[in-house]
Structures are given as structure tokens and as C-alpha cells.
Amino acid sequence: MRIDLTSLRSRAIFSSVLLLLAGGLAVSGGRVWLAWHWSVSSKPELWRKAARLEPGNADYWSRLGLYRQWDPDHGDIHRAVRDFQRATRTDPRSAGLWMELGDAYQASGDSVRAGEAYEKAQADYPISSEVAWRYGSFLLYAGKYSEGYAEIRRALVVQPSLTASAISECWQANQSIASILNEVLPGKPEYYRAALSFFLSQQLLDPALAVWNRQLAVGLPVEMGQAIPLVNALIDRGRMAEARQVWMQALKATSWPRDPGDGGSLVFNGDFEHAIANGGFGWREITVSGARFAADNRIAHSGSQSMRIEFDGTANLDFQNLFQYVPVRPATRYHFSAYLRTEEISTDSGIRFEVLDPRHPSEVQVLTPNLVGTNPWTLVQADFATGADTDLLEIALKRVPTRKFDNKLRGTVWVDDVALVPVPALPKGSSR
């Protein structure tokens, strides 16, 4: 279309139209800018002005609704519902807005409309883990456990990092470990690891054991890093039979290196030929300033290596930082033995072994001779009987602080071939 601008009148009309259009755009742009300026302020009254000035902007209504829902001084959940309703009418394809409306309905006590809003959010964004999560949480809150579990599971499939939060949510709603295992956890090891870690963090050993046993039963791979915290917790609670069972299951499932068992010793990795497990019924190294642990493949009493601890002479150490828990039988005689080698161990208080019942110290507390200075491989040993209540011993390399002026521990000790062997009972009427 050609516009004739040859006449003065036509040029005047065209110029007037352009000015009107420019003015309209300027007014519209100014209104948009002003609404945005108000919306980013820290004053809620300006947010309300922004929403009224630009009623077609769903974000402004949403922000206003969130303020009215959560502000502790000026909260009004019913007005918040109206704001979210306005936002969803403005942008009916936003799953986020429908979820906000669902949350507001739920907070106002309208569970029917809350469910409808969450369903619309899911219809708009069916693959969203957040939508599934929030809808599932709502269903759990409403007591619709099976439907809630299904939604939570959908969320976990998309976002495995939600597992710990999901277990917490489900457990608070309904303390049924069977439901969690059967309906919530996807069949992959990372979900079971997270579930086990959660229950242990809450000191819930029975659900933790159930997770562990199910993981084994369905044939999912396990790691020693899973088993050790569970075994440690069971030991701490005195549940020795279960602790030993989990330990043996973990050794088998992970193909963890084990001693050949010659001599019947109960000490795990007593010859230090394998890596330190740092927990369970294996050796534990507790880092301490003034001492350094290392496997030594140059010096050994037998086999290919020993454990070496170097003391740097900076501290008067109370040292019992290399130790192992060993399950034993009550009222049974045992023979303990170990080989120690020392080099320039300073102070009058040197290195020895202690065998102790950690829960009943009065029943078993054995110390081997104190080694100071430089000594070749030296056998230290002791015979003793466990008490009537003893089912666990702690075997620890030990050094007691000294009150002498020159009290900083310096030097090196090597440890090898640590063993604890049951002593057969003598026949009745016999004597040694």
C-alpha cells in the first residue's frame, strides 16, 4: 500500500498518526518499566502496585502471593490463594504457578483444590522431578500413601540426589520400611546407599539393616564403605551377632582380602598384609598430631610388610590410635600375642598392647610389657579369661602419657603378626 504524501494535508495526518503511535509506545514502555522497577523493590506495597499496573504479568501476582503466604506479620493465606489464582489465569501453562497455588490451597485447608492444582502442574510438566516430588509430598500428607510413594519414586528416577530427603519425607509420613523398599526406592545401588546412610544418621538401626538385607537379597552390588558404618553402629549398640553377620556378608560380597586363617586367630588382618579397613572388625587408624601411620614393605616380622608408626617428638601422647574390635565368647580363655620392633622410642613410657573389654573394663584389662629405646622384633603375649558378660574385646597399641619433664614421644615402632587365639579348655580333673 502506497501512502500519498504529496499534499500538505496527507503529510499532516501521517505525522499525527506517527506521533500517536510513538506516544502510545512510550506510555506502554514507561508503564512496563515502572512496574518492573516497583517489582524489584523491597517494599511489598510497591509489588501490589506493579501487579495492578501490569495485571497480565503472572510473575508479579506470584511474588505477591508468596509474600502474603509466608510473611509472619502480614500473612493472609486467603488473599495469597487469590493472587495465585490470578497468576494461573494469566499463565495457565506454568507448572510452577500451579504448584504454588496447590501449596496455598493446602495451607488454607482446601485439600481437594490443592490436589487439582498439583494434577494440573503434572499435566503441564509430566517429566518434572519437582512436580512429582511436591505432588507426592501432598499425597503423603493427605494419607494417600501408595499414590504418594509412586510420585516420590518418579521424582527419584529423574533426580537421585533427592533420595535422602525422600526417605525422610516418607518415614515421617508413615514409618513403614517395607513400603519404602517395595514402592519408593528404584532398583539401583545408589538409592540403597543413600537410604542406608539416612537411617544410620538418624540412629535407626532396624530400618538400616532392612535396607542392607534387601540390597543383598536383590543382588545389587555393595561396597565396604556402606557396611563399615552399619557394623560400627551395631557394635556401638552391643548388637554383636548382627554386627558380625553384616561384616561377614560384606567381606564376601566385596571380595575383601582376608587372612588365610592359619592358627585360628580371631584378629582380622593381624599380619597387616592387606589394606586397613578403618572400621568394622578390622584395624582402625585414628589420626593424631605427633604420629604418622604407614605400611612398611621393607621391614616385616613375617610376610611382605608390617605396620609402622613414627612419632615426631612434638607431643606427650596418650596414644591408643591403632586398634581393633574382636568378637569373643564369654567365660573363655584366650592367648594374645604380637610382635613389636622399636627404634629410639624416647621417654620412660613407651609402647605396649592393651587388651580390654570396652563395655566391662573390670572383667578384662591386660597390658603387655612396656618397650622403650631400640628393640629387635620382640614377642609380647598374655593369657587371660573373658568375663561372664564379655562378648567384645578391644586390642589397641597403647602409650600412656608420662609426667617426666622430658615427655615428648619420639621414635618408631613396627607392629606385625597380632593374634588372639582361644585356648582349649582342659579336661575335668586334669592340671597343668
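These numbers were taken from a predicted model, which means no experiment stands behind them.
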* Do the side chains of E394 and V355 get nearer than 4.5 Å, heavy atoms only? -> no

* Check whether the side chains of Y149 and N182 place a donor and an acceptor atom closer than 3.5 Å, and report yes or no. => no

Can you give the donor-acceptor pairs under 3.5 Å from side chains of residues 196-211 to other protein atoms, not counting sequence neighbours?
unit_1: S201; atom_1: OG; unit_2: F198; atom_2: O; d: 2.5
unit_1: D206; atom_1: OD1; unit_2: R239; atom_2: NH1; d: 3.4
unit_1: D206; atom_1: OD1; unit_2: R239; atom_2: NH2; d: 2.7

* Strictly by modelled atom types, are T368 and Q381 linked by a side-chain donor-acceptor pair under 3.5 Å? -> no

* Should V222 and T254 count as side-chain neighbours, where that means a heavy-atom distance under 4.5 Å? -> yes

* Report the residues that fulfil side chain to side chain contact (heavy atoms under 4.5 Å, CB included) with S137, sequence neighbours left out, ordered by chain and then residue number. => W133, I152, E169

* **Nearest-0.5 Å distance, CD of residue Q324 to CZ of residue R284** => 9.0 Å

* If only atom types and distance count, is the side chain of R153 paired as donor or acceptor with the main-chain N or O of L185 below 3.5 Å? -> yes

* Please report the shortest heavy-atom distance between A173 and L140, naming the atom on each side. => CB-CB, 3.9 Å

* Is any side-chain N of the basic residue among R341 and D416 closer than 4.0 Å to the acidic one's carboxylate O? -> no

* **Side-chain donor-acceptor contact under 3.5 Å, T402 with D348** => yes

* To do: Show your working on salt bridge (charged side-chain N to carboxylate O under 4.0 Å, His left out) between R308 and E310 and close with a plain yes or no.
  => CA-CA 7 Å; R308 184 181 73 242; E310 299 176 4; 2.8 Å; yes

* Asked: Hey, is the main chain of D357 close enough, under 3.5 Å, to the side chain of T390 for a donor-acceptor pair?
  -> no

* Hey, are the side chains of S179 and V184 touching, using non-hydrogen atoms and a 4.5 Å cut-off? -> no

* Asked: Which heavy atom in T347 sits nearest to a heavy atom in D406, and how many Å separate them?
  -> CG2-O, 3.5 Å

* Asked: Under 3.5 Å, is there a donor-acceptor pair between the side chain of T412 and the main chain of F311?
  -> no

* Sub-3.5 Å donor-acceptor pair from the side chain of T374 to the main-chain atoms of E344, do we have one? -> yes

* Side-chain donor-acceptor pair under 3.5 Å between R399 and N316, yes or no? -> yes

* Structure fact -> For N375, the side chain to side chain donor-acceptor pair (under 3.5 Å) test, sequence neighbours excluded, returns T342

* To do: Give the intermediate values and the outcome of side-chain contact (heavy atoms from CB on, under 4.5 Å) for residues L139 and Y145.
  => CA-CA 7 Å; L139 291 169; Y145 297 128; over 6 Å; no

* So, D318 side chain and P401 main chain: donor-acceptor pair closer than 3.5 Å or not? -> no

* **Within-4.5 Å side-chain heavy-atom neighbours: Y339 and V380** => no

* To the nearest 0.5 Å, what is the distance between CG (L397) and CZ (F323)? -> 12.0 Å

* N278 (side chain) donor-acceptor with E285 (main chain) under 3.5 angstrom -> yes

* **Where at least one partner belongs to residues 380-416, residue pairs that pass ring pair (Phe, Tyr, Trp, His ring centres under 6.0 Å), sequence neighbours excluded** => none

* Asked: Taking all atoms of both residues into account, what is the closest heavy-atom pair of V364 and G387, and its distance?
  -> CG2-N, 4.1 Å

* Trace of the ring-ring contact (aromatic ring centres under 6.0 Å, His included) decision for W247 with F268 -> CA-CA 11 Å; W247 177 250; F268 186 79; 5.3 Å; yes

* How far does OH of Y325 sit from CG of N232, to the nearest 0.5 angstrom? -> 8.5 Å

* To do: Would you check, one step at a time, whether the test side-chain contact (heavy atoms from CB on, under 4.5 Å) holds for L220 with K188?
  => CA-CA 7 Å; L220 293 175; K188 293 184 178 180; 5.8 Å; no

* To do: In sequence, state the C-alpha distance, the side-chain angles, and the governing distance for V328 and L392, and then conclude on side-chain contact (heavy atoms from CB on, under 4.5 Å).
  => CA-CA 5 Å; V328 294; L392 181 73; 5.7 Å; no

* Check the pair I395 / L420 against side-chain contact (heavy atoms from CB on, under 4.5 Å), numbers first and verdict last. => CA-CA 9 Å; I395 297 173; L420 182 71; 4.3 Å; yes

* Asked: What are the two closest non-hydrogen atoms of A277 and G282, and how far apart are they?
  -> CB-CA, 4.4 Å

* To do: Count the heavy atoms belonging to other residues, nucleotides or ligands that lie under 6.0 Å from NZ of K144, then report whether that count exceeds 12.
  => no

* Which distance, rounded to the nearest 0.5 Å, do you find between the CD of E183 and the CD of E147? -> 9.5 Å

* Could you pull out the closest heavy-atom pair between A253 and L216, with the gap in Å? => CB-CD2, 4.3 Å

* To do: For the residue pair H335 and D383, confirm or rule out a side-chain donor-acceptor distance under 3.5 Å.
  => yes

* Apply salt bridge (charged side-chain N to carboxylate O under 4.0 Å, His left out) to R113 and list each qualifying residue two or more places apart in sequence or on a separate chain. => D110

* Any side-chain heavy-atom pair of F336 and V421 under 4.5 Å -> no

* To do: Please check if the side chain of T163 supplies one atom and the backbone of A194 the other of a donor-acceptor pair under 3.5 Å.
  => no

* Nearest 0.5 Å, what's the NE2-CD distance between H274 and Q305? -> 9.0 Å

* Considering only heavy atoms from C-beta outward, does the side chain of M307 approach that of L322 to under 4.5 Å? -> yes

* Asked: Between P422 and R329, is any pair of side-chain heavy atoms under 4.5 Å apart?
  -> no

* Between D417 and H301, do the side chains contain an N or O donor and an N or O acceptor separated by less than 3.5 Å? -> yes

* To do: Kindly indicate whether the side chain of Y191, heavy atoms from C-beta on, has any atom under 4.5 Å from the side chain of I167.
  => no

* Side-chain H-bond candidate by donor/acceptor type, S176 with N174, under 3.5 Å -> no

* F353 versus V415, closest heavy-atom pair with distance -> CZ-CG1, 3.7 Å

* To do: To the nearest 0.5 angstrom, please state how far the CD1 atom of I228 sits from the CD atom of E223.
  => 11.0 Å

* Would you confirm whether S306, through its side chain, and I299, through its main-chain N or O, come within 3.5 Å as a donor-acceptor pair? => yes

* By salt bridge (charged side-chain N to carboxylate O under 4.0 Å, His left out), which residues pair with R298, not counting sequence neighbours? -> D296

* **N/O donor-acceptor pair under 3.5 Å between E273 side chain and S304 backbone** => yes

* Only one of E242, Q226, Q249 forms a side-chain hydrogen bond (donor to acceptor under 3.5 Å, both in side chains) with W212, so which one is it? -> Q249

* Okay, side chain of R292, backbone of V288: is any donor-acceptor separation there less than 3.5 Å? -> no

